[in-house]
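Take a look at the structure below.
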Amino acid sequence: GVYAVGHQAPVQFGRETSALLACGEGAVLSHRSAAGVWGIHPANPSAPIDVLTTHKKRPQAGIATHCTLHLDPIDVRLRHGLPVTSPARTLVDNGELTDRELERALDEALVQNIVRLNQIAEALDRLPGRLHAARLRQLIEQRQHATLTRSQLEELFLELLRQAGLPLPLVNARVHGFEVDFYWPEQRVVFELDGYRFHSTKSAFENDHRKDATLKQAGIDVNRLTWRQVNGERFPTVALVAQRLAAAERPAA
């Protein structure tokens, strides 16, 4: 066993360190434990620590051992001084995540800039047969097309409005203490464009909800569009904007 002697203070990554020491040379953190160390999926403090090894180990309390015949050096990194599977390998190994959990983990990794899409694709090619490989491939293919920056997405949205002959809004305006992407002050209508790179983290998610709640309480009609809607569903996007502006201009019954 591995023990802390002389104190009872919690040690950051103490359980992970203990599991690695117990499993011996060559062991690396993997699966959900690796995702927790990378900060792309919340760690469960009561769950066993996931460790990947190239040799069989007898079961040990508090450790979930995963065996592999070969561990490519490209799939191992150091994080907080601990050997851990690379972000790409971690995403490939976490097949037990739900669709939404996997999507959020991928977005967190991309937002933190700790992995590239081609690295994930290469890891999938090196590690065939994973249960969720098709799900992960679909997610990275979707994001390979999401190349618009925030300014490019805003310009595309404005061009759609011009082509449809709709009134142009204020851009990046301050409304009740918040910056909004597009604001029609006469109609009191707001449209926000949610690119995954800027809105996928937990803090962004909470800030978006706080902003929406404040604006709606002030009587402003808040609407959100994704990059996929603006870029790939242009007619429905224009129709939605026209509908919300028209609804705001109709007198109350």
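Predicted, not measured: the structure shown is a model, and the values here were computed from it.
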Measure from the side-chain N and O atoms of K211 to the backbone N and O of V180, and report whether any donor-acceptor pair falls under 3.5 Å. no
Between R135 and G95, is there a donor-acceptor pair closer than 3.5 Å when you use the side chain of the first and the backbone of the second? yes
What do you reckon, is CD of Q163 surrounded by more than 12 foreign heavy atoms closer than 6.0 Å? yes
As an exercise, state the distance from CG of D72 to OG of S86, rounded to the nearest 0.5 Å. 9.0 Å
A218 backbone acceptor or donor facing R188 side chain under 3.5 Å: yes
Joint cluster assignment, W38 & I120, ILVMFWY side-chain distance < 4.5 Å: yes
Taking D181's backbone N and O only, do any of them form a donor-acceptor pair with E192's side chain (distance below 3.5 Å, no angle check)? yes
Non-hydrogen side-chain atoms of W184 and L170 separated by less than 4.5 Å: no
Going hydrophobic residue to hydrophobic residue with side-chain gaps under 4.5 angstrom, can you get from L168 over to L245? yes
Using a 4.5 Å cut-off on heavy atoms from C-beta on, say whether the side chain of V190 contacts that of D212. no
If you look only at pairs with a residue in residues 81-94, which of them pass as a salt bridge (Lys or Arg N to Asp or Glu O under 4.0 Å), with sequence neighbours excluded? D75-R89, R89-D93, D93-R130
Any side-chain heavy-atom pair from V238 and L161 closer than 4.5 angstrom? no
In Å and rounded to the nearest 0.5 Å, what is the CD1 to CD distance from I63 to Q60? 4.5 Å
Between atom NE2 of H55 and atom SG of C23, what is the distance when rounded to the nearest 0.5 Å? 7.0 Å
Hey, are E101 and R104 close enough for a salt bridge, meaning a charged N less than 4.0 Å from a carboxylate O? no
Can you tell me if R126 has over 12 outside heavy atoms packed within less than 6.0 Å of its CZ? yes
Start with the C-alpha gap between L71 and T53, add the side-chain angles, then the distance that decides, and say whether side chain to side chain contact (heavy atoms under 4.5 Å, CB included) holds. CA-CA 8 Å; L71 186 57; T53 70; over 6 Å; no
Scanning both residues in full, the closest heavy-atom pair of A64 with P48 reads N-CB, 3.9 Å
Cluster question for you: counting only ILVMFWY and a side-chain heavy-atom cut-off of under 4.5 Å, with indirect links fine, are V92 and V28 together? no
Does the pair L215 and V175 meet the rule for a side chain to side chain contact (heavy atoms under 4.5 Å, CB included), with working shown? CA-CA 8 Å; L215 296 179; V175 183; 3.9 Å; yes
Transitive ILVMFWY side-chain link F182 to F178, under 4.5 Å: no
Sole residue of L52, I49, V76 in side-chain contact (heavy atoms from CB on, under 4.5 Å) with L29: I49
Go through it in stages, so that I can follow the logic: the residues are E16 and L82, the test is side chain to side chain contact (heavy atoms under 4.5 Å, CB included), and I'd like the CA-CA distance, side-chain angles, deciding distance and then a yes or no. CA-CA 8 Å; E16 291 81 359; L82 302 174; 4.1 Å; yes
Applying ring pair (Phe, Tyr, Trp, His ring centres under 6.0 Å) to H80 and not counting sequence neighbours gives F13
Is the shortest side-chain heavy-atom distance between P83 and L78 below 4.5 Å? yes
I74 atom CD1: more than 12 heavy-atom contacts under 6.0 Å: no
Any chance the side chains of T85 and T90 put a donor and an acceptor closer than 3.5 Å? yes
For Q229 and T226, indicate whether the former's side chain and the latter's backbone hold a donor-acceptor pair under 3.5 Å. yes
Quick one: does L69's side chain get under 4.5 Å of T54's, heavy atoms only? no
Using the side-chain contact (heavy atoms from CB on, under 4.5 Å) definition, which of the options D99, D107, L106 pairs with E103? D107
Within residues 41-50 or reaching into it, pairs that qualify as side chain to side chain donor-acceptor pair (under 3.5 Å) - sequence neighbours excluded: R32-H41, N44-S46, D50-H66
Taking R116 for its side chain and Q119 for its backbone only, find out whether a donor-acceptor pair lies under 3.5 Å. no
The reported gap from OG1 in T17 to CD in Q12 (rounded to nearest 0.5 angstrom) is 9.0 Å
One pair to check against side chain to side chain contact (heavy atoms under 4.5 Å, CB included): L225 and F191. What are the steps and the verdict? CA-CA 7 Å; L225 291 167; F191 267 84; 3.7 Å; yes
Between the CZ atom in R244 and the CG atom in L166, the distance rounded to the nearest 0.5 Å is 14.0 Å
Hey, is the main chain of G39 close enough, under 3.5 Å, to the side chain of Q112 for a donor-acceptor pair? yes
Give a yes or no on whether the backbone of T214 and the side-chain of Q217 come within a donor-acceptor separation of less than 3.5 Å. no
Working to the nearest 0.5 angstrom, can you tell me the gap between Q138 CD and H132 NE2? 12.5 Å
